[in-house]
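Heavy-atom basis, side chains included; hydrogens, waters and symmetry copies ignored. Letters A, B, ... are given to chains in the order of the sequence lines, protein chains preceding strands, and every chain is numbered from 1.
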Amino acid sequence: MSRAKALLVSAATLVFARRRRPTLKPGERERIVVPEAPAGYDAELVAIWLFLASAACAIGFVVVYALDRLPAHTQLLGLALGLSLAFLAAGLVVMAKRLVPNEELEEDYPEQEHTAEQERIAQVVEESGLTRRRLLLGALGAAGGSLGLALLAPAASLGPAIHMARFYLTPWRRGTRLVDEQNRPLRADEIEEKNFYTAFAEGADKERLPSSLVVVRLRRDQLDLPPGNAGFDADGIVAYSKICTHAGCAIALYRAPLFEPTDPKPALVCPCHYSTFDPSSGGTVTFGPAGRKLTMLPLEIDPKGFLRARGNFDEPVGPSWWGVRLKGPTT
Amino acid sequence: MRRLVLIAVLALVAVPLGRAGVTQGKQLYGEYCVACHGANGMGANGGETGFGPGRSERVQERLGPPLRGVGALAADFYLRTGYMPLRESGKQPRRSRLLLSEPQIDALVAYVASLGQGPKVPTPRPERGSLSDGQRLFTDHCAGCHQVVAEGGYLSGGVAPPLEEATSTQIAEAIRIGPYIMPRFSTRDLSPQEVNSIVRYVQWAKHPDDRGGWAIGHLGPVPEGLVTWFLAATTLVAVCILLGKRLRHE
């Protein structure tokens, strides 16, 4: 207890009780004056001209600002303001280097005043065991430890640890209609080959990650869905989550070959890091940094010809994290 | 009566003239296109061999798509951009020097159009479009690959060409065709009026009014940041060093 108290006292002494240097009275000590700059040109005149030039440019800025519709208006504004600041800086430099006297002062340490008290403090510090070495090592340890903690902290972004359920929630269930941005239900016969469409769950918040889809039509003979996705297409129309499984950008590019034997295969591409997914094989990754396939939604065509979901996604939607495959998507 | 005769005479003259174009086009087709696109635009199918200009003697399968029903639109686009005749089959067609003269292209377009019912060459009216609508539509539909001021870009498996040399007609045509790996847009996706707006925006984007001055290739924040760091920051550091220099004792 007394040790802790002693520690506190000594730390406080270190921080607050250090004696400040007394201010020097004029003429008290010898002054060493750096000699003035060599004479030979009129520094005052140069500085004055520079300041005037700066003022002129600043007024020029106001004038240019008032005269709208000049050609290269922005550039003239920038030039006027820039030159004004440059002249001002140059004038200040001339003033500081040539006109203001520059002197170096020197003083000795003053006599110790309260010798007895100082000795007492030295004794307290010694008894507390707070040696210079220990204090240094302690401070170094605190810096190192905190830095390590700071470096480890972003690991929390590898994924949620506690409330994961909401990441598996989607607005899709059997029978949910697909609508476009204007809430118009999508008809199967409107979906053309070599084109791509953005669709949303009817009645859902369009801003939510699992709401949005990218819909394309492929020829049936192009489709090569894996067993897990068998029957997910509706007459060649396939729907995938529009959210890239890498970093959660929107899949905004569709590689639609005009002439397939020579052109590359159809692919859904994310513009952020060029993750490329194959829509004909259930959204498998063919290129880029995405770590898992694009999430696919099973479709069906209702008797009126509208596109509807035939269930939920095959995998959780959105960017991947450590626990993304722990559960399946829920409604 | 007189008018009827005049029309009849004009028709008699016009039909052979049109025919002449088609006949010349057929000849040119035999010269430049038949190796890949097959006789009468039927397409060259697997197993058939082809020896065409610019290609080695190896046998290539499924060389070119059939041209029946592509119409004047596609022929006009591919020939006037220099995409066709393709120098090497299996490569992405790129804009290049025109091999054919203007009348030759006209004849070939007429011939391809005569192969089957297909879309005509569109006539976009950019002056009727709206620049701001065009920017919005271009950002939504095109900028992902072609970059926001149409400087072009790369994607896996192909190149999205810059649109600096694209004419208004070519832009309107490409939207409907979807050349190479570009998706195509029907009139339901982009109405002719929306195409007018997009064309107007692309024409504007060839020479955007650079309010900031130095455009640095219109490539966006990365080169701008590089210029700031390498030029401006270096200058500022140099100025600081100069300022900090002390006067030496004499």
Side-chain angles (χ1 to χ4, degrees), chain A residues 32-38 71-79 86 89-90 92-93 96-98 102 104 180-181 190-198 216 249-277 286-288, chain B residues 36-37 43-46 60-66 70 74 78 86 88-93 139-147 153-158 160 174 177-190 209-214 239 242-250:
Chain A
I32 302 166
V33 181
V34 173
E36 259 189 74
H73 192 245
T74 319
Q75 283 72 37
L76 283 175
L77 281 178
L79 193 70
L92 287 173
V93 169
K97 292 215 161 183
R98 301 286 170 185
N102 190 348
E104 281 173 14
D180 66 8
E181 275 156 85
E190 290 171 337
I191 309 294
E192 292 176 27
E193 255 187 69
K194 297 181 184 181
N195 203 330
F196 70 117
Y197 304 84
T198 303
V216 296
C249 296
I251 308 278
L253 314 178
Y254 181 41
R255 195 171 81 186
L258 188 63
F259 182 57
E260 231 171 290
T262 54
D263 299 358
K265 283 186 69 177
L268 293 164
V269 187
C270 175
C272 287
H273 308 95
Y274 287 115
S275 287
T276 305
F277 306 92
T286 57
F287 181 82
Chain B
C36 293
H37 292 291
N45 274 319
Q60 290 169 332
E61 294 194 355
R62 286 295 303 270
L63 291 161
V70 299
Y78 279 99
L86 200 57
E88 194 180 344
S89 88
K91 287 264 172 71
Q92 173 170 8
T139 317
D140 280 0
H141 294 91
C142 325
C145 298
H146 286 287
Q147 198 255 1
Y154 292 88
L155 63 162
S156 55
I177 301 170
Y180 203 57
I181 54 174
M182 175 175 151
R184 67 167 167 230
F185 301 90
S186 65
T187 44
R188 192 189 150 276
D189 301 312
L190 292 172
D209 38 352
D210 297 311
R211 294 296 168 94
W214 191 11
V239 169
L242 279 177
L243 284 184
K245 243 186 193 165
R246 297 182 122 205
L247 280 180
R248 295 266 164 268
H249 292 260
E250 305 262 302

Notebook entry, point to check: Got a sec, which residues hit ring pair (Phe, Tyr, Trp, His ring centres under 6.0 Å) with B/His146, two or more places apart in sequence or on another chain?
Noted result: none
Note to self: Quick check on B/Arg184 against chain A: is it the side chain, the backbone, both or neither that has a heavy atom closer than 4.5 Å?
What the structure shows: both
Margin query: Heavy-atom pairs under 4.5 Å with chain B - which of A/Lys194, A/Glu193, A/His73 has more of them than the others?
Written below: A/Lys194
Next item on the list: Might you point out which heavy atoms bring B/Tyr154 and A/Tyr274 nearest each other, and give the distance in Å?
Entry: O-OH, 2.7 Å
Next item on the list: With rounding to the nearest 0.5 Å, note down the distance linking CZ in B/Phe185 to CD in A/Glu192.
Entry: 11.5 Å
Margin query: I need the minimum non-hydrogen distance between B/Ile177 and A/Leu258, along with the two atoms involved.
Written below: O-CD1, 3.7 Å
Next item on the list: Report the option among B/Val239, B/Asp189, B/Asp140 that has the most heavy-atom pairs separated by less than 4.5 Å from atoms of chain A.
Entry: B/Asp189
Item checked: Minimum heavy-atom distance A/Tyr254-B/Pro183, with the two atoms named -> O-CD, 3.3 Å
